[in-house]
There are 2 protein chains.
Amino acid sequence: MADTDQLSAVFSALADPTRRAILLALAEHDATVTELTAPLSISMPAVSRHLKVLERAALISRTRSGKWRGSRLQAAPLRDAADWIDRYRRFWDSSLTRLAPVQAAERATDRIPDNREL
Amino acid sequence: MADTDQLSAVFSALADPTRRAILLALAEHDATVTELTAPLSISMPAVSRHLKVLERAALISRTRSGKWRGSRLQAAPLRDAADWIDRYRRFWDSSLTRLAPVQAAERATDRIPDNREL
DNA sequence: CCTTCATTTAACCAACGTGTTAAATGAAAT
DNA sequence: ATTTCATTTAACACGTTGGTTAAATGAAGG
């Protein structure tokens, strides 16, 4: 990560398939580390550290109740990530058919040194 | 990354603020490495490598035209990322008011060993 | 040709990420 | 008190990342 900014932390957390699997599991229901580890073919310490990453990204919260530590999905940062990505929606969605030619034209003439058809 | 799966590559690419800045610039118009480097206070080789990361994630395509190599935004992978995140939308958006209590109830009773109010 | 300009590759470095196993912690149960 | 169980921390290995500067590449232009 190297960065501490929120969005970077979130995207970085999402960049790992194991962590995405964990979030998916937590979308079903809160779970303990042991429960999360079961289907994951990695050691419990490894899962524990994935959870720490998710927690730093504020994607989960953790509760303690005696022996057990529960993890709960916190989706707010996902909203931020979705919002960021949404700024690019015009580049792929329905309007693509309508907008694409315009964009192509812009791209062909704009900013490219001497219009060398990049 | 360590992983080669597409979604991981995309999220990993997005996890760096410099690369997000590059994508934002490319949302305006295609650009050369030099143009992209100008506002970025890092060296051109560094930018060149960021571009390679974005290219591996299929977030940009590159064209060559004589001396210049242009970069163009390719938003399709962003759609995939958005789609992935969207599965969690119910956890944060409007229905949150309506759904949250249900979820809370589910969470309190579900899967947690012996209902220890995690 | 020889130079210039845009970009990439190479070599290096410090920091980080992800996994492991073994030890430590801390609450529960006997 | 001692043991047991869930989890975390420590110590280690190893590959990756992101930055640097210096050299290589490759097309354009004199």
Side-chain angles (χ1 to χ4, degrees), chain A residues 1-5 8-22 26 30-38 40-57 59-72 111-118, chain B residues 1-5 8-22 26 30-38 40-57 59-72 111-118:
Chain A
M1 210 193 313
D3 241 80
T4 321
D5 80 279
S8 297
V10 172
F11 281 132
S12 185
L14 296 181
D16 186 288
T18 300
R19 284 192 290 266
R20 292 199 303 276
I22 290 173
L26 292 178
D30 300 357
T32 64
V33 181
T34 304
E35 289 171 325
L36 290 171
T37 301
L40 283 183
S41 72
I42 57 175
S43 69
M44 195 173 306
V47 173
S48 184
R49 297 212 296 186
H50 279 302
L51 291 174
K52 192 168 295 180
V53 171
L54 290 169
E55 192 177 18
R56 266 193 304 148
L59 283 163
I60 65 170
S61 61
R62 315 205 59 188
T63 57
R64 54 203 57 62
S65 175
K67 248 196 273 210
W68 293 267
R69 327 208 73 251
S71 297
R72 168 166 301 180
R111 295 292 305 160
I112 285 63
D114 278 325
N115 191 22
R116 240 171 271 73
E117 69 161 52
L118 284 184
Chain B
M1 213 194 311
D3 241 82
T4 322
D5 81 278
S8 297
V10 172
F11 281 132
S12 184
L14 296 181
D16 186 288
T18 300
R19 283 192 291 265
R20 292 199 303 277
I22 289 174
L26 292 179
D30 299 356
T32 65
V33 181
T34 304
E35 288 171 326
L36 290 171
T37 302
L40 284 184
S41 72
I42 58 175
S43 69
M44 196 173 307
V47 173
S48 184
R49 295 213 295 188
H50 279 300
L51 290 174
K52 192 167 297 182
V53 171
L54 290 169
E55 193 178 16
R56 265 193 304 149
L59 283 163
I60 65 170
S61 60
R62 315 204 59 187
T63 57
R64 53 204 55 65
S65 176
K67 247 195 274 209
W68 295 268
R69 326 207 74 253
S71 297
R72 169 167 301 180
R111 294 292 306 159
I112 284 65
D114 279 324
N115 192 20
R116 240 172 270 72
E117 67 162 55
L118 284 185

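Per chain, numbering begins at 1; letters A, B, ... match sequence-line order.
For C:dG17, its base never sits under 3.5 Å from the side chain of A:Arg49 at any donor and acceptor pair.
Atom-to-atom, CG of B:Leu54 to P of D:dT17 comes out at 13 Å; the value is rounded to the nearest Å. One atom, CE of A:Met44, and another, C1' of C:dA23, lie 15 Å apart when rounded to the nearest Å. As a whole-Å value, the separation of A:His50 NE2 from C:dG17 P is 12 Å. If you measure from atom NZ of B:Lys52 to atom P of D:dT16, you get 15 Å, rounded to the nearest angstrom. The CZ atom of B:Arg56 sits 15 Å away from the P atom of C:dT8 (whole-angstrom rounding). Distance B:Trp68 CH2 to C:dT8 C1': 17 Å, rounded to the nearest Å. Atoms CD1 (B:Ile22) and P (D:dG18) sit 11 Å apart, rounded to a whole Å. As rounded to whole Å, 16 Å separates atom C1' of C:dG17 from atom CG of A:Leu14.
Comparing A:Thr18 and B:Val33 along DNA chain C, the residue whose closest nucleotide (by nearest heavy atom) sits nearer the 5' end is B:Val33.
In this model, the phosphate group of C:dT8 is approached by a side-chain N or O of B:Arg62 to a distance below 4.0 Å at OP1 or OP2. Residue A:Arg69 has a polar side-chain atom (N or O) positioned under 4.0 Å from OP1 or OP2 of D:dT8. Put simply, A:Ser43 has no side-chain N or O that comes within less than 4.0 Å of OP1 or OP2 on C:dG19. In terms of phosphate contacts, A:Thr32 brings no side-chain nitrogen or oxygen within less than 4.0 Å of OP1 or OP2 of D:dA6.
When each of D:dT4, D:dT9, C:dT8 is scored by its nearest atom to the side-chain atoms of A:Lys67, the top-ranked nucleotide is D:dT4. Residue B:Pro45 places its side chain closer to D:dT21 than to any other of D:dT9, D:dT21, D:dG19.
In the model, A:Ser48 has no side-chain atom that pairs as donor or acceptor with a side-chain atom of A:Arg69 under 3.5 Å.
Rounding to the nearest 0.5 Å gives a distance of 10.0 Å between CG of A:Leu54 and OG1 of A:Thr18.
Side chain of A:Thr32 to backbone of A:Glu35: a donor-acceptor contact under 3.5 angstrom is found. At distances below 3.5 Å, at least one donor-acceptor pair connects side-chain atoms of A:Ser8 with backbone N or O atoms of B:Ala15. The closest donor-acceptor contact from the side chain of A:Arg19 to the backbone of A:Ser12 lies under 3.5 Å.
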